[in-house]
Amino acid sequence: MIFHSAHFVTSCYRLDTLPDDEGAEVIFLGRSNVGKSSLINALCGRKLLARTSKTPGRTQCLNVFNIGDDARLVDAPGYGFAKVPVAVKKQWQSLIVKYCQTRASLRMIVLVMDIRHPLQPADREWLDSLGGGPVLLAIILNKSDCLGRMQQKKAHDQVEMYCRNARIPAHLFRVSTREGTAINELKLFITNQLSDEEM
Ligand SMILES: Nc1nc2c(ncn2[C@@H]2O[C@H](COP(=O)(O)OP(=O)(O)O)[C@@H](O)[C@H]2O)c(=O)[nH]1
Ligand SMILES: [Mg+2]
């Protein structure tokens, strides 16, 4: 699988320093601390590829990883973390929105939420501004190991209903990066999407 070849390429604070806009890209979005970096590590089968942190708000740039010959994973700044000054938050947000709207190689937006707290105001904002566009959307409900089956299903149904009402097509995955739950399924899904397009 292409994920095993993953390696770090660059950290970008501006869009014009990103790698050439060719091939296929997947961006990982979500509030701080929901497990974006852990998810990238789990997909790639590596513990320390993307930096994970117990201190939220540490990633303040786009971290780019190459997978395969012509595909990239992009670890985005977390949004909605209270301790980050509003001006900085706005700057991150507009950077990501601009990236999602203009990046020709973008094939998939992976929006990660904590299954215990789905659909926080920041999540809804992102869904409303980025969902329903031309780029495929996958929603990850992470940390499923923290909830029982009934509560997992409740969160899943809640998100499904929100997307249906907002007419946002999305693929939902219940994941635990800690226990490896649904990681293979997600890997397959991403690989298929990337290979359908270009590879
Ligand atoms: N229980 C549990 N904790 C997780 C899971 N995934 C990530 N975490 C923890 O959540 C915290 C934030 O993870 P990180 O990947 O840095 O989140 P990011 O800020 O979204 O990149 C870390 O302490 C991780 O160990 C999971 O599936 N289950
Ligand atoms: Mg991170």
Side-chain angles (χ1 to χ4, degrees), residues 3 6-13 18 25-67 72-85 88-89 91-93 95-97 99-100 108-127 130 137-156 158-159 170-187 189-190:
F3 287 99
H7 61 273
F8 172 79
V9 191
T10 178
S11 292
C12 301
Y13 290 83
L18 281 166
E25 241 160 51
V26 179
I27 189 163
F28 293 77
L29 300 176
R31 293 185 308 126
S32 291
N33 222 32
V34 293
K36 295 176 297 298
S37 300
S38 303
L39 179 61
I40 291 177
N41 288 338
L43 288 169
C44 298
R46 303 255 286 281
K47 284 213 170 92
L48 299 170
L49 184 66
R51 259 224 306 224
T52 62
S53 171
K54 288 200 196 308
T55 316
R58 286 270 292 274
T59 317
Q60 303 189 2
C61 52
L62 298 171
N63 290 311
V64 183
F65 305 90
N66 267 354
I67 54 168
R72 291 173 298 279
L73 306 178
V74 180
D75 191 9
Y79 56 75
F81 182 60
K83 280 187 186 158
V84 174
V88 177
K89 227 188 270 186
Q91 205 183 334
W92 283 359
Q93 198 162 331
L95 182 85
I96 296 174
V97 169
Y99 166 90
C100 290
M108 197 188 310
I109 296 170
V110 178
L111 180 60
V112 186
M113 300 184 203
D114 186 326
I115 196 165
R116 297 169 297 180
H117 317 286
L119 299 172
Q120 295 293 301
D123 298 323
R124 292 169 194 253
E125 259 175 53
W126 281 107
L127 278 172
L130 297 175
L137 175 67
I139 298 176
I140 311 304
L141 298 171
N142 188 33
K143 310 198 186 186
S144 66
D145 57 285
C146 296
L147 289 182
R149 287 218 164 260
M150 292 293 283
Q151 282 173 302
Q152 286 182 32
K153 183 168 186 310
K154 199 174 149 199
H156 185 280
Q158 226 177 317
V159 176
H171 299 260
L172 265 62
F173 295 86
R174 260 179 264 178
V175 167
S176 165
T177 65
R178 183 159 290 178
E179 296 186 341
T181 313
I183 292 297
N184 280 338
E185 190 188 336
L186 183 60
K187 244 198 267 197
F189 181 75
I190 295 175

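For ligands, and for the atoms within them, numbers begin at 1 and follow the listed sequence.
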Would you mind listing which atoms of ligand 1 come within a distance below 4.0 Å of any non-hydrogen atom of [X]?
X    : answer
N33  : 10 (O), 11 (C), 12 (C), 17 (O), 18 (P), 19 (O), 20 (O)
C146 : 1 (N)
S37  : 15 (O), 21 (O)
K36  : 15 (O), 17 (O), 18 (P), 19 (O), 20 (O), 21 (O)

Check: [Y] main-chain N/O paired with [X] side-chain donor or acceptor under 3.5 Å:
X    : Y    : value
N142 : V112 : no
D123 : Q120 : yes
K187 : C44  : no

_Between E25 and Y99, is there a side-chain heavy-atom distance shorter than 4.5 Å?_
yes
*asked:* So L48 and N41, do their side chains get closer than 4.5 Å, heavy atoms only?
replied: no
Heavy-atom contacts under 4.0 Å between [X] and ligand 1: side chain, backbone, both, or neither?
X    : value
D145 : side chain
L39  : neither
S144 : neither

Any N or O of [X] closer than 3.5 Å to N or O of ligand 1:
X   : answer
S32 : no
D75 : no
G35 : yes

*Heavy-atom closest contact (I109 atom, C100 atom, distance)*: CD1-SG, 4.0 Å
_Check contact between G30 and ligand 1, using heavy atoms of the residue and a distance below 4.0 angstrom._
no
*asked:* According to side chain to side chain contact (heavy atoms under 4.5 Å, CB included), who are the partners of K154, at least two apart in sequence or on a separate chain?
replied: none
_F173: ring-ring contact (aromatic ring centres under 6.0 Å, His included) partners, not counting sequence neighbours_ = F189
_At less than 2.8 Å, would any N/O/S atom of S37, backbone or side chain, sit next to the Mg ion (ligand 2)?_
yes
